[in-house]
Amino acid sequence: MPTDTKKSSARRTDSSRKKGRRSRSPKRRVLLPVPLLLGLLLVIWGIHSLMTSGGRSASQTTGTSSASVKAIQEDVPENSYDSENFVSESDGTVSYEDESYYSVQGIDVSSHQGEIDWAALAEEGVEFAILRIGYRGYTVGGLNADEQFAANLTAAQENGIQVGAYFYSQALSAEEAREEADYVLELLDGVTLELPVFFDWEKQTAEGSRTSNADVSILTDCALAFCQTIETGGYEAGIYFYSSLALDTYDLSVLTDYVFWLSQPGETPDFDYVFTFWQYSYTGTLDGISSDVDLDMMLVSVEDADEEQPE
């Protein structure tokens, strides 16, 4: 303690001595409880991570709009759909209409739906169908045709329903994706389709699945190889994806020449970027199909539709 403090103490009066003087204890350091300290450190680390990573969050995997998602996919045009114009109808379908676009109702089916009454579907208002033409097995990886494709194609078109196709891919390389597209072209054998042929790659997590530990960084190359081969064969090509696959795996900026088909069940799509088809339900019920069926809409440009009308 400094000497001037001692001199000051000596000059105190007797009365102050009688009252007594508390001795000052050494200054104590304030120690925060360990849990509180750890909590503060975590908060600081979180703020730092957000600032350095551009604010990337789990919302991106579900298609929620955010500045960081837009930065990642900055070369992809955004859609102009107004979320308030998606209307849930009493029959379980969803419709859309504004000054620029209107929706057309459709479904996608495979042999899992069994035999289908396409005349009944046409009466229900189904205007298009995307049919599974084939698939690659998720274990050995063999190529297989959908046993109902030919019958579904003929009956749908006979009832005035526009048809497209999809191939369920389990490709692990661009070469395998090209092989799948060649197989599709062989199955089509020049038949007319009104709508695109879609590349549908989905990870399988079942035991023994060849894609459970797949390097998904090759998916963009796979989609390109498939679509380029389909186009060379004379058909329009497209890519089916769920929003997290689109935002976290595909480089959409190099795929914009192809038609996008978004899978995101709900009453309103939550996806910033361009898409033409939207799969909005996995559990639709329609006359003509005895099981649940996927429900889709096609968003048609009013301008394009007007141009296609005969004069």
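As a basis for the values below, the full set of heavy atoms in this structure was taken, side chains included, without hydrogen atoms, waters or symmetry mates.
- Asp98 contributes atom CG, which lies 6.5 Å from atom OG of Ser80 (distance to the nearest 0.5 angstrom).
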Working for side-chain contact (heavy atoms from CB on, under 4.5 Å), residues Glu78 and Val274: CA-CA 5 Å; Glu78 296 184 18; Val274 291; over 6 Å; no
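- Checked against Ser263 for a side-chain hydrogen bond (donor to acceptor under 3.5 Å, both in side chains), the options Tyr282, Trp278, Tyr242 give a single hit: Tyr282.
- Crowding of Glu123 atom CD: a count of heavy atoms from other residues, nucleotides or ligands under 6.0 Å not exceeding 12.
- Placement of Phe128 and Val302 within a single hydrophobic cluster is found when ILVMFWY residues are connected by side-chain heavy-atom separations under 4.5 Å, directly or transitively.
- For Asn79 (side chain) and Tyr273 (main-chain N/O), a donor-acceptor pair under 3.5 Å exists by modelled atom type.
- Annotation: side chain of Gln162 is in contact with side chain of Met298 (closest heavy-atom distance under 4.5 Å).
- Asp146 and Ser111 get closest at one heavy-atom pair: OD2-N, 3.0 Å.
- For the atom pair CZ (Phe149) and CG (Leu187), the distance works out to 8.0 Å, reported to the nearest 0.5 Å.
- Residues Ile133 and Val191 share a single hydrophobic cluster, defined by chaining ILVMFWY side chains whose heavy atoms lie under 4.5 Å apart.
- Taking 4.5 Å as the limit, some side-chain heavy atom of Arg136 sits within range of a side-chain heavy atom of Glu179.
- Under the 4.5 Å side-chain criterion, counting only non-hydrogen atoms from C-beta, Phe260 is not in contact with Tyr240.
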Could you walk me through whether Asp270 and Gln264 satisfy the side-chain contact (heavy atoms from CB on, under 4.5 Å) test, starting with their C-alpha distance in whole Å, then the side-chain angles of each, then the deciding distance to 0.1 Å, before giving a yes or no? CA-CA 8 Å; Asp270 187 10; Gln264 194 180 62; 3.8 Å; yes
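- By the 30° and 60° cut-offs, the orientation of the rings of Tyr96 relative to Phe86 is tilted.
- Separation of atoms CE (Met297) and OG (Ser281) is listed at 11.5 Å; rounding is to 0.5 Å.
- Taken from OG in Ser209 to NZ in Lys203, the straight-line distance is 8.5 Å, to the nearest 0.5 Å.
- Closest approach of Ser173 and Ile218 over heavy atoms only: N-CD1, 4.3 Å.
- Hydrophobic clustering of Ile, Leu, Val, Met, Phe, Trp and Tyr side chains at less than 4.5 Å, counting indirect connections, unites Val197 with Leu185.
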Working note: Asn159 + Leu121, criterion side-chain contact (heavy atoms from CB on, under 4.5 Å); need CA distance, chi angles, decisive distance, verdict. CA-CA 9 Å; Asn159 284 278; Leu121 289 177; over 6 Å; no
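- The cluster map of Ile, Leu, Val, Met, Phe, Trp and Tyr, joined by side-chain heavy atoms under 4.5 Å apart, puts Val216 and Leu247 in the same cluster.
- In this structure, Tyr101 has its ring center under 6.0 Å from that of Tyr81.
- Distance alone, capped at 3.5 Å, places no donor-acceptor pair between the Asp108 side chain and the Ile130 backbone.
- Taking each heavy atom of Leu255 and Ala223 in turn, the nearest pair found is CD2-CB, 4.2 Å.
- Within the 4.5 Å cutoff, the side chain of Leu219 has no heavy atoms near those of the Ser217 side chain.
- Listed for the Glu175 side chain is no donor-acceptor partner under 3.5 Å among the backbone atoms of Cys222.
- There is a side-chain donor-acceptor pair under 3.5 Å between Trp261 and Asp296.
- Of all heavy-atom pairs spanning Val259 and Glu236, the tightest one is CG2-OE2, 3.3 Å.
- Taking the side chain as every heavy atom from C-beta outward, Leu193 and Tyr235 approach each other to under 4.5 Å.
- Closest heavy-atom contact between Ile239 and Phe198: N-CD2, 3.5 Å.
- In Glu89, the CD atom is crowded: over 12 heavy atoms of neighbouring residues, nucleotides or ligands sit closer than 6.0 Å.
- Ionic pairing of Arg132 and Glu147 is not present here: no N-O contact between side-chain nitrogen and carboxylate oxygen is shorter than 4.0 angstrom.
- The CD atom of Gln157 sits 4.5 Å away from the CD atom of Glu194 when rounded to the nearest 0.5 Å.
- Taking the six-membered ring for Trp and the full ring otherwise, Phe226 and Phe199 have centroids separated by under 6.0 Å.
- Counting only heavy atoms from C-beta outward, the side chains of Leu143 and Phe167 approach each other to under 4.5 Å.
- If you take CD on Glu97 and CD on Glu99, they are separated by 10.5 Å, rounding to the nearest 0.5 Å.
- No hydrogens or angles considered: a donor-acceptor pair under 3.5 Å links the side chains of Gln170 and Thr211.
- Considering only heavy atoms from C-beta on, Glu124 comes within 4.5 Å of Asp287 through its side chain.
- Asn213 CG: 12 or fewer foreign heavy atoms inside a 6.0 Å radius.
- Residues Ser169 and Glu180 have side chains that bring a donor and an acceptor to within less than 3.5 angstrom of each other.
- Taking all atoms of both residues into account, the shortest heavy-atom contact from Thr205 to Ser212 is CA-CB, 4.3 Å.
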Assess the residue pair Tyr138 and Glu202 against the criterion (side-chain contact (heavy atoms from CB on, under 4.5 Å)); give the C-alpha distance rounded to whole Å, side-chain angles, the decisive distance to 0.1 Å, and a yes or no. CA-CA 10 Å; Tyr138 68 82; Glu202 300 177 45; over 6 Å; no
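- In terms of modelled atom types and a separation under 3.5 Å, the side chain of Tyr135 and the main chain of Ala145 share no donor-acceptor contact.
- Linking ILVMFWY residues whenever their side-chain heavy atoms come closer than 4.5 Å, directly or via other members, leaves Leu224 and Leu172 in distinct clusters.
- Atom CD of Glu267 is surrounded by 12 or fewer heavy atoms from other residues, nucleotides or ligands within 6.0 Å.
- Of the residues listed (Trp201, Phe275, Phe277, Phe271), the one engaging Phe241 in a ring-ring contact (aromatic ring centres under 6.0 Å, His included) is Phe271, and it is the only one.
- Although no hydrogens or angles enter the test, the distance criterion places a donor-acceptor pair under 3.5 Å between the side chain of Gln113 and the main chain of Asp292.
- Looking at Asp294 and Val109, their side chains never come closer than 4.5 Å, going by heavy atoms from C-beta outward.
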